[in-house]
Amino acid sequence: MPVPTPTSTPAATSTPAATSPATRTRSRAPLRAAALGAGGLLLSGCGSAAVPPPGSQQDLRARLPKAVRDAGVLRIGSYLNYPPVDFKDPAGEPAGLDPELAKAIGSYLGLRVEFTDMPFEKLIPAVQAKQLDLAMSAVIDTKQRQLGAADDGHQADAGVDFVDYFATGTSMVVKAGNQLNLTTLDSLCGRTVAVQRGTVQDELAGRQTAACLRIGKQLQIHRFDTDEQALAEVAAGTAVADLNDYPVAQYNTTQPGRAGVFQLANTHFLQSGPYGITVAKDNTALRDAVAKALDQVIRGGEYDKILDKWNVRYGAVSSAVVNGGL
């Protein structure tokens, strides 16, 4: 699959903060959501104001939280170092799948989008603390994140809601040739794996350590702030594999300079799950407005154009879904 190349500079602005299975065409994932009301007659009468049709831009904008509507901007957090989903173009502006989808959603709501680049593990806390309106950074929707649960089951935080917009899963990247014949999580037992800190892949590797201990083969996990650092471990032979999302894994095994250096270890996902736009639990008005706006972007065809541009059509969904992760 050819490497996606941005053809335009997204209009979102970036505000710095401290501190990619074998290619194939997949049918749209069977995500379901209630259909938006389309069109409808304007209700009017003598001396009464026109009522915008349900699902129209005017209707959805009116449903936004007043603070967001008055500000005229969606403050979105993202870790802009994860191509082709989230990264910075040569001019330093947000680029990739997420920034372009965010811009389309914001445009439908009559809002400007403003991206803040921050470490991945800080995104959910920042949304919960209302420092951000949304996080959109290849965040995989899981029940654990929805509930704010820790690995041992105790309540770790307030949790978040998700508006699911893309179907994906975890892939394994290894050195080209895959001489160790790594294909499953169990095949990693007794070896070292590299992951980006705070991701679903970090959690997945953490759970696998217990399975490996049961057969007497300890799994070592090297955690890094960036996936680029994890890939460097594989290139150096310090780790045998890097676990990351399929769009990123595919990108890192096909782009110039890396094709022939890395490869996908298998043609199936180690774990599946949708990307979700992250929203605070108590911000249901914003969550629902974003979900309805995403449905309109999907129906209008812009969604498909964006996915095609970044060569990720296999992950297309048919509608927005709230909290569809498992």
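Keep in mind that this is a model prediction, so the values were computed, not measured. As a basis for the values below, the full set of heavy atoms in this structure was taken, side chains included, without hydrogen atoms, waters or symmetry mates. Residues: numbered from 1 along the sequence shown.
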Greater than 12 external heavy atoms within 6.0 Å of Q155's CD: yes

Under a single-linkage definition using a 4.5 Å side-chain heavy-atom cutoff for Ile, Leu, Val, Met, Phe, Trp and Tyr, are L231 and V261 assigned to the same hydrophobic cluster? yes

Counting only heavy atoms not in I215, do more than 12 fall under 6.0 Å of its CD1? yes

If we ignore angles and hydrogens, is there a donor and acceptor under 3.5 Å between the side chains of D245 and Y275? yes

Which distance, rounded to the nearest 0.5 Å, do you find between the NZ of K103 and the CD of E302? 8.0 Å

Do V173 and V195 share a hydrophobic cluster, counting only Ile, Leu, Val, Met, Phe, Trp and Tyr and linking them when any side-chain heavy atoms are less than 4.5 Å apart? no

Would the distance check show the side chain of D141 and the main-chain N or O of D164 forming a donor-acceptor pair, the cut-off being under 3.5 Å? no

Do H268 and L270 make a side-chain contact, defined as non-hydrogen atoms from C-beta onward lying under 4.5 Å apart? yes

Quick check: do N252 and D227 have side-chain heavy atoms less than 4.5 Å from each other? yes

Could you check if a side-chain atom of R145 sits within less than 4.5 angstrom of a side-chain atom of I140, using non-hydrogen atoms only? yes

Would you kindly confirm whether V234 and L219 end up in one hydrophobic cluster when ILVMFWY residues are joined by side chain heavy atoms under 4.5 Å apart? no

For the residue pair V193 and Q208, establish whether any side-chain heavy-atom pair is separated by less than 4.5 Å. no

Measure the CG-CD distance between N178 and Q263 for me, rounded to the nearest 0.5 Å. 5.0 Å

Does the side chain to side chain contact (heavy atoms under 4.5 Å, CB included) test come out yes or no for Y251 and V85, once each step is laid out? CA-CA 10 Å; Y251 184 85; V85 186; over 6 Å; no

Contact check, side chains of D225 and P119, non-hydrogen atoms, under 4.5 Å: no

Note, V163 side chain near L294 side chain (heavy atom, < 4.5 Å): yes

I'd like to know if the side chain of Q128 and the backbone of G159 have a donor-acceptor N/O pair within less than 3.5 Å. yes

Interatomic spacing from CD in Q229 to CD in Q196 - rounded to 0.5 Å: 9.0 Å

For D59, run the side-chain hydrogen bond (donor to acceptor under 3.5 Å, both in side chains) check against Q57, R63, R61 and tell me which one passes. R63

Assess whether side chain to side chain contact (heavy atoms under 4.5 Å, CB included) is satisfied between Q271 and R207, documenting all intermediate values. CA-CA 12 Å; Q271 176 175 274; R207 291 193 295 270; 3.2 Å; yes

Using atom types as modelled and distance alone, determine if a side-chain donor or acceptor of R112 lies under 3.5 Å from a backbone N or O of G72. no

Could you give the distance from CE (M118) to CD (E121), rounded to the nearest 0.5 Å? 10.5 Å

Check this for me: does any side-chain nitrogen of one of R197 and D202 sit under 4.0 Å from a carboxylate oxygen of the other? no

May I ask you to decide if R75's main-chain N or O and E114's side chain share a donor-acceptor pair within less than 3.5 Å? no

When you measure from the side chain of Y303 to the backbone N and O of V317, does any donor-acceptor pair fall under 3.5 Å? yes

Would you confirm whether D133, through its side chain, and L74, through its main-chain N or O, come within 3.5 Å as a donor-acceptor pair? no

Test log, rule side chain to side chain contact (heavy atoms under 4.5 Å, CB included), inputs T209 and I221: CA-CA 9 Å; T209 57; I221 305 173; 3.5 Å; yes

Interatomic spacing from OG1 in T170 to CG in L185 - rounded to 0.5 Å: 8.5 Å

Who pairs with D282 by salt bridge (Lys or Arg N to Asp or Glu O under 4.0 Å), at least two apart in sequence or on another chain? K130

Between the side chains of D242 and Q201, is a donor N or O closer than 3.5 angstrom to an acceptor N or O? no

Would you mind reporting whether F162 and T278 have side-chain heavy atoms less than 4.5 Å apart? yes

Determine whether L204 and M172 fall in the same hydrophobic cluster, where Ile, Leu, Val, Met, Phe, Trp and Tyr are linked whenever their side-chain heavy atoms lie under 4.5 Å apart. yes

Same apolar cluster (I L V M F W Y, side chains within < 4.5 Å links), L60/L134: yes

Stepwise side chain to side chain contact (heavy atoms under 4.5 Å, CB included) test for T238 and T192: CA-CA 7 Å; T238 310; T192 299; 5.7 Å; no

Supply the atom-to-atom distance S319 OG to Q296 CD, rounded to the nearest 0.5 angstrom. 12.0 Å

Look at the side chain of Y79 and the backbone N and O of L123, then say whether any donor-acceptor pair between them is shorter than 3.5 Å. no

Could you tell me whether the side chain of I306 reaches within less than 4.5 Å of the side chain of L97, counting heavy atoms only? yes

Has the side chain of D98 got a donor or acceptor atom that lies under 3.5 Å from a matching backbone atom of A138? yes

